[in-house]
Amino acid sequence: MTSIAPALIVKLREIEQDTAATFTSAGFCVRSSGSACYYVKTGSPLEMEQYQGETKSLEAIEQAAAGLAPRVFSVGYIQADEDEEDEDEEENQRSYMISEYKFLQPLSGDRALELARRLALELHAFKSDRGFGFECATYCGATRTQGRFFESWAACFADMIQSLLSTLRDQPQWKEVVNLGDQIVSTVIPFLLGPPLDVDPVLLHGDLWSGNVGVDSNTSQPIIYDPASYFGHNEAE
């Protein structure tokens, strides 16, 4: 068992709507006296942008395909414990995020087919009326998206590639890779993804792989999590 910060207990009791609720914690899983289980993580204030991007992604997925991803209950800042010392923390704060905790089993067989069906008919049918991209920055691992909208898929995809290249430009050992990347952005992407290609901006998980999917042990339904969503070409998933 691990201790839970008093400020987090306040947030959890607000979610439970029970000022007397008690909680036990094992890793990221926090179980309440009312039997609910929460996924709770905290970090430095610098991680708030990442938590907000994940929250907005999960909320969009819930809107597009209810129950396909964990629900988010609360995200924001809490006061750090008095005995914590972290030079990166500003004004003694920590960022936090609380969502559903899902007990997962591996995805296989007919559950994989059900996931594919829900992705195709629900998630990838949910369109944006603002264009390609997303309303805020999201993180695919350590890779940050810009969090903006574009009129075309070619411009959106080019921006994502440029964001990757920007992390390498000041490193001489990657000069050839950057040069080739620049050529792809300037010539290949417009040729392959520009007109006459006509696609709709649909919601994507953004970081879909075997490590971000599973089967809910309670419902036997497929679950996706840890998204870095954006609106793009459905085949980009």
Side-chain angles (χ1 to χ4, degrees), residues 39 50-72 75 97 99-100 102 104-141 143-164 184-185 188-216 218-237:
Y39 183 89
Q50 183 174 345
Y51 290 3
Q52 288 176 330
E54 184 176 354
T55 295
K56 291 293 185 181
S57 296
L58 289 170
E59 290 175 344
I61 292 171
E62 175 65 17
Q63 185 178 358
L68 187 59
R71 289 178 298 158
V72 179
V75 63
M97 178 178 166
S99 64
E100 283 184 293
K102 296 289 188 180
L104 298 176
Q105 298 175 341
L107 179 72
S108 62
D110 66 331
R111 296 299 83 194
L113 293 176
E114 174 62 11
L115 174 59
R117 186 193 69 81
R118 295 204 68 187
L119 290 175
L121 299 182
E122 297 179 62
L123 196 69
H124 297 166
F126 189 74
K127 300 178 183 179
S128 167
D129 59 4
R130 299 175 63 184
F132 298 85
F134 204 58
E135 62 183 281
C136 65
T138 59
Y139 286 78
C140 182
T143 303
R144 179 184 185 275
T145 66
Q146 298 303 309
R148 51 180 294 206
F149 284 97
F150 300 84
E151 291 185 1
S152 70
W153 170 233
C156 179
F157 192 75
D159 182 75
M160 290 191 288
I161 299 301
Q162 288 173 328
S163 294
L164 289 171
I184 290 172
V185 168
V188 178
I189 290 176
F191 179 76
L192 293 178
L193 303 184
L197 182 67
D198 183 20
V199 297
D200 292 319
V202 300
L203 184 62
L204 306 175
H205 175 283
D207 188 15
L208 195 64
W209 65 293
S210 60
N212 286 344
V213 301
V215 175
D216 189 329
N218 294 321
T219 66
S220 297
Q221 293 302 308
I223 296 291
I224 58 177
Y225 55 96
D226 199 16
S229 290
Y230 62 95
F231 289 90
H233 192 316
N234 65 299
E235 294 182 1
E237 195 81 276

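Atoms considered below: every heavy atom in the structure, side chains included; atoms not considered: hydrogens, waters and symmetry mates. These numbers were taken from a predicted model, which means no experiment stands behind them.
In terms of the side chain to side chain contact (heavy atoms under 4.5 Å, CB included) criterion, residue partners of Asn234 (sequence neighbours excluded) are, by chain and number, His124, Val202. In this view, Ser152 and Ala154, Ala155 satisfy the side chain to side chain contact (heavy atoms under 4.5 Å, CB included) rule, not counting sequence neighbours. Applying the side chain to side chain contact (heavy atoms under 4.5 Å, CB included) criterion to Glu135, with sequence neighbours excluded, gives Lys56, Arg130, Phe149. In this structure, the salt bridge (charged side-chain N to carboxylate O under 4.0 Å, His left out) partners of Arg118, at least two apart in sequence or on a different chain, are Glu122. Ser163 meets the side chain to side chain contact (heavy atoms under 4.5 Å, CB included) test with Gln146, Asp159; sequence neighbours excluded. Qualifying side chain to side chain donor-acceptor pair (under 3.5 Å) partners for Arg117, counting only residues two or more places apart in sequence or in other chains: Glu114.
Side-chain contact check for Glu100 versus Val72: every heavy-atom pair is 4.5 Å or farther apart. The closest side-chain heavy-atom distance from Phe150 to Phe157 is not below 4.5 Å. Between Ser210 and Leu107 there is no side-chain heavy-atom pair separated by less than 4.5 Å. Here the side chains of Phe231 and Asp200 are not in contact, with every heavy-atom distance at 4.5 Å or above. Between Phe134 and Ser57 there is a side-chain heavy-atom pair separated by less than 4.5 Å. Annotation: side chain of Val215 is not in contact with side chain of Leu115 (no heavy-atom distance under 4.5 Å). Using a 4.5 Å heavy-atom cutoff, the side chains of Ser229 and Ile61 are in contact. A heavy-atom distance below 4.5 Å is not found between the side chains of Arg111 and Val213.
Taking CE of Met97 as the start and CD of Glu54 as the end, the distance is 3.5 Å to the nearest 0.5 Å. The CG atom of Asp207 sits 10.0 Å away from atom OH of Tyr230, with the distance rounded to the nearest 0.5 Å. Expressed to the nearest 0.5 Å, how far NZ of Lys102 lies from CG of Asn218 amounts to 7.5 Å. Atoms CE and CZ, on Met160 and Phe132 in that order, are 10.5 Å from each other to the nearest 0.5 Å. We find the CG-CG distance between Leu68 and Leu119 to be 6.0 Å, quoted to the nearest 0.5 Å. In this structure, NE2 in His233 is found 7.5 Å from CH2 in Trp153, a value given to the nearest 0.5 Å.
In terms of heavy-atom proximity, Cys156 sits nearest to Gly133 at SG-N, 3.8 Å. Residues Gly206 and Cys140 share a closest heavy-atom pair of O-SG, 4.0 Å. Here the closest non-hydrogen pair linking Leu203 and Ala64 is CD2-CB, 3.9 Å. Nearest approach of Ile189 to Ala158, heavy atoms of both residues: CD1-CA, 3.8 Å.
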Item checked: Trace of the side chain to side chain contact (heavy atoms under 4.5 Å, CB included) decision for Leu208 with Ile224 -> CA-CA 8 Å; Leu208 195 64; Ile224 58 177; 3.8 Å; yes
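Other residues, nucleotides and ligands place no more than 12 heavy atoms under 6.0 Å from the CD atom of Glu151.
In terms of modelled atom types and a separation under 3.5 Å, the side chain of Thr138 and the main chain of Thr145 share no donor-acceptor contact.
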